[in-house]
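Single-structure report; data block below.
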Protein chains: 2
Amino acid sequence: MSPRTSPPGDREAAQVAGAPLRADAARNVAQIRAAAIAAFRGRGLDTPLEEIAAAAGVSKATIYNRFGGRAGLIDAVIGKLVAAEMYAIMDKALQVADPWQAIATYVTDRRDLQYREPAFTDALLMTYPDSGQLAAIATAAIDMTISLVQRGHDAGVIRRDFTAEDLYYADVANGLALRKLPRPARQDYDRRIRFFLDSLRPR
Amino acid sequence: MSPRTSPPGDREAAQVAGAPLRADAARNVAQIRAAAIAAFRGRGLDTPLEEIAAAAGVSKATIYNRFGGRAGLIDAVIGKLVAAEMYAIMDKALQVADPWQAIATYVTDRRDLQYREPAFTDALLMTYPDSGQLAAIATAAIDMTISLVQRGHDAGVIRRDFTAEDLYYADVANGLALRKLPRPARQDYDRRIRFFLDSLRPR
DNA sequence: GGTTAACTTGACCCGATGGTTAAGTTAACC
DNA sequence: GGTTAACTTAACCATCGGGTCAAGTTAACC
């Protein structure tokens, strides 16, 4: 069972083109999207909607009109935020022939994404299960770790007692620390990634 | 510089005996303390005070009357919750002669405490700096890791690039994951402690 | 058992946030 | 340029949590 690496229902065209938006509504959608991306980057997916609305120059109610609520807004921008990169990271890892290198590449790239986009941790945690895109990312990420760890065990390149859950737990822990603590210097962060990778090798 | 292993101002006698409490007030203090300990154990140090008051059978205002607020309440019960155990853990580690065993013992005991008492993570994070006891625990814990890592490096029993900050970061990350994710089975948790300890050894 | 100071508390106020709606505004089309 | 449906929004309600206070209650002491 190799994991899915593309989103189930890619709705880049936010509105599904059921009915064309009026000019002012379309303009607002664009402004809200831009504001949401910036806000989610800076403060996480739990940024107050009122703040996003203010940044977009509209009223809070307009976000509800256009996106239905937070989950809809997340669905509309998560692709730009993390989904695209996440699926690229998974594809890249799947193409690495050496089982250990596949794991190392995947873990390194994923931690890098986590460092640059804290919102990715929200995806892992399924903080907003109402967002289909978010749930899809979480599922795909979990499938991916299961697959990679299986490959690693078959090839004997990771310690026997290491499980996919261990990897998931470690990534979530790292993401939570990134949000609560002052962001570590990149060199410290990278060093800790090396520690973690080293701890996976057979003894 | 060996770390302090006892609290600066041990105020087990909550009231400092400035003036004896009236009978009803003393009874309420006892009930609030018991309720707070249970609540802090179950939900963390950010449990709404109103909930603690209800469990104690008093009004929210009484907590403010008796303890001044959340920080005071934490100060009054943190000893029972984690301070006593934490200082015991530090003393125990300081008495282990072998530098590596000292680190292993300390990390293992501390993670065990973290598993049993999630409130300990709040101490590490200094979520409530107004609580003197909490701040003292955090400071002592940090001093302790610095001292242990220094000893480890002097004896060459841990990898050269490992720092005390790395240990702090890992412990905080672990504590946050413990609170956000469903609590892992003890055997999984212990295995992850072993992974972590293994990752500290020289390469 | 009466006086008083200690004590408790319901009822507030506040700010933050999610969510809804009536009423007004505006783009689009004839 | 008039009609209308789409659209926006200020105003509103609700919840939650911290924090305060006037007014009532009660323990303690004479």
Side-chain angles (χ1 to χ4, degrees), chain A residues 14-36 39-40 42-77 119 122 127-131 134 179, chain B residues 14-36 39-40 42-77 119 122 127-131 134 179:
Chain A
Q15 291 305 316
V16 200
L21 283 177
R22 230 173 63 176
D24 51 352
R27 203 183 324 128
N28 286 338
V29 164
Q31 283 164 341
I32 292 169
R33 279 174 130 267
F40 287 162
R43 290 195 39 175
L45 297 187
D46 55 351
T47 306
L49 293 185
E50 196 149 22
E51 193 171 301
I52 295 173
V58 301
S59 151
K60 176 180 53 157
T62 301
I63 293 184
Y64 284 93
N65 287 339
R66 297 288 120 241
F67 298 92
R70 182 181 304 279
L73 183 55
I74 290 174
D75 268 351
V77 302
D122 290 311
T127 314
Y128 301 101
D130 287 348
S131 161
L134 219 49
R179 274 200 291 183
Chain B
Q15 290 305 317
V16 200
L21 283 177
R22 227 173 66 176
D24 50 353
R27 203 183 325 127
N28 287 338
V29 163
Q31 283 164 341
I32 292 169
R33 279 176 130 265
F40 288 161
R43 289 196 38 176
L45 298 186
D46 55 351
T47 306
L49 293 184
E50 196 149 21
E51 193 171 301
I52 295 173
V58 301
S59 151
K60 178 179 52 158
T62 300
I63 294 185
Y64 284 93
N65 287 340
R66 296 291 120 240
F67 298 93
R70 164 165 271 113
L73 182 55
I74 290 174
D75 268 349
V77 302
D122 289 311
T127 314
Y128 301 100
D130 286 348
S131 161
L134 220 49
R179 273 201 290 183

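Residue numbers start from 1 in every chain, and the chains themselves are labelled A, B, ... in the order their sequence lines are given, proteins ahead of strands.
The backbone N or O of A/Leu45 lies less than 3.5 Å from a partner atom in the side chain of A/Arg70, making a donor-acceptor pair.
Between the P atom of D/dG19 and the CZ atom of B/Arg66 lies a distance of 17 Å, rounded to the nearest Å. A straight line from CD of A/Glu51 to P of C/dG15 spans 17 Å, rounded to a whole angstrom. When the C1' atom of C/dG10 is taken as reference, atom CD of B/Glu50 falls 11 Å away, rounded to whole Å. For the pair A/Asp46 CG and C/dT17 P, the interatomic distance rounds to 10 Å; values are reported in whole Å. If you measure from atom CZ of A/Phe67 to atom C1' of C/dG18, you get 17 Å, rounded to the nearest angstrom. Per the geometry, CD1 belonging to B/Ile32 stands 12 Å off C1' belonging to C/dC7, to the nearest Å.
Nearest approach of A/Asp75 to A/Ser131, heavy atoms of both residues: OD1-OG, 2.5 Å. A pairwise comparison of heavy atoms in A/Ala25 and A/Arg66 identifies CB-NE, 3.9 Å as the closest pair. Contact detail for B/Ala71 and B/Asp130: the closest heavy-atom pair is CB-CB, 3.6 Å.
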Counting primed atoms, P, OP1 and OP2 as sugar-phosphate and everything else as base, the B/S/- map of nucleotides 25-30 of chain C against protein heavy atoms under 4.0 Å is -BSS--
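For the OP1/OP2 pair of D/dT9 and a distance below 4.0 Å, the side-chain nitrogens and oxygens of A/Thr62 include at least one atom meeting the criterion.
Considering only heavy atoms from C-beta on, A/Phe67 comes within 4.5 Å of A/Val29 through its side chain.
In DNA chain C, the stems built from three or more successive Watson-Crick or G-U pairs (distances below 3.5 Å) are C:1-30 with D:1-30.
Under the side-chain contact (heavy atoms from CB on, under 4.5 Å) criterion, A/Ala56 pairs with A/Gln31, A/Ile32, A/Ala35, A/Val58, not counting sequence neighbours.
Evaluation of the side chain to side chain donor-acceptor pair (under 3.5 Å) test over residues 19-29 of chain B, restricted to residues two or more places apart or in two chains, returns B/Arg22-B/Asp24. Screening residues 42-53 of chain B for side chain to side chain donor-acceptor pair (under 3.5 Å) gives B/Arg43-B/Glu51 as the qualifying pairs, with residues at least two apart or on separate chains.
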Pull out every protein N or O sitting under 3.5 Å from an N or O of nucleotides 19-21 of chain C, one pair per line with the distance.
unit_1	atom_1	unit_2	atom_2	d
C/dG19	OP2	A/Tyr64	OH	3.3
C/dG19	N7	A/Lys60	NZ	2.9
C/dG19	O6	A/Lys60	NZ	2.2

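Here CZ of A/Phe40 is found 5.0 Å from CD1 of A/Ile74. Values are rounded to the nearest 0.5 Å.
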